[in-house]
Every structure is written in structure tokens, then in C-alpha cells.
S.K.: 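Would you mind keeping the following structure in view while I ask a few things?
If you're wondering where the values come from, they're calculated on a predicted model, not measured in any experiment.
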Amino acid sequence: KGVEMNTDEYGKIIEEAVIDRDGRKVMLCAKAFELSERFKISLKDIGAYCTEKGIKISGCQLGCFE
């Protein structure tokens, strides 16, 4: 298990991975999985943060967000 991070800490990591697409904040699903693995942030936490901040998950590997 990784080091525990608070929302501000992992929020910064997530925000750095967000891209701007036509004025909207977007994160690729594959990037969410990469961040989860690399920084030991749960996908649930990443998803909750993105929802709270209006970041759309794009290119969902499961077809959930298309």
C-alpha cells in the first residue's frame, strides 16, 4: 500500500494530468489507471475528484463514459 495522501495532494497530481479539450477539462481513462497505479490513488478517489471538479473521463476502457 502507498503513502496516504490527502485530497489536496492527489488533486494536484490529477490536475496535472488533465487536458483541455474545447474549453472542457478532460482526463483519459488510461491516464486515470496510470495515476492510480503509480501514485497508489484509488480509482474511486480519482473518479470522485473528477466528478467534484467537473473533469470528464474520456476514452473509457470499459465504455462507461462515452
S.K.: Checking salt bridge (charged side-chain N to carboxylate O under 4.0 Å, His left out) for the pair Glu15/Lys25: CA distance, chi angles, key distance, verdict?
M.R.: CA-CA 9 Å; Glu15 291 287 345; Lys25 294 166 81 172; 3.3 Å; yes
S.K.: What closest approach, in Å, do Glu37 and Lys40 show between heavy atoms, and which atom pair accounts for it?
M.R.: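 Taking every non-hydrogen atom into account, O-NZ, 3.1 Å.
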S.K.: After noting the C-alpha distance and the side-chain angles of Leu35 and Tyr10, does the key distance pass the side chain to side chain contact (heavy atoms under 4.5 Å, CB included) rule?
M.R.: CA-CA 9 Å; Leu35 294 178; Tyr10 68 72; over 6 Å; no
S.K.: If you look at every heavy atom in Leu43 and Ala32, which pair is closest and at what distance?
M.R.: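 So the two residues come closest at CD2-O, 3.7 Å.
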S.K.: Kindly give the heavy-atom pair with the smallest separation between Ile14 and Met27, and that separation in Å.
M.R.: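 Scanning both residues, the minimum pair turns out to be CG2-CE, 3.4 Å.
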S.K.: To the nearest 0.5 Å, what is the distance between NZ (Lys56) and CG (Leu28)?
M.R.: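 Nearest 0.5 Å value for the NZ-CG distance: 11.0 Å.
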S.K.: Can you see which heavy atom on Ser58 is nearest to which on Val26, and at what distance?
M.R.: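 Here Ser58 and Val26 meet closest at CB-CG1, 3.3 Å.
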S.K.: Donor-acceptor pair, Ser36 side chain versus Ile41 backbone, under 3.5 Å?
M.R.: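 Side chain of Ser36 to backbone of Ile41, a donor-acceptor pair under 3.5 Å: yes, one is there.
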S.K.: Establish whether Phe39 and Tyr49 are linked, either directly or via other cluster members, by ILVMFWY side-chain heavy-atom contacts under 4.5 Å.
M.R.: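 Linked, Phe39 and Tyr49 end up in one cluster.
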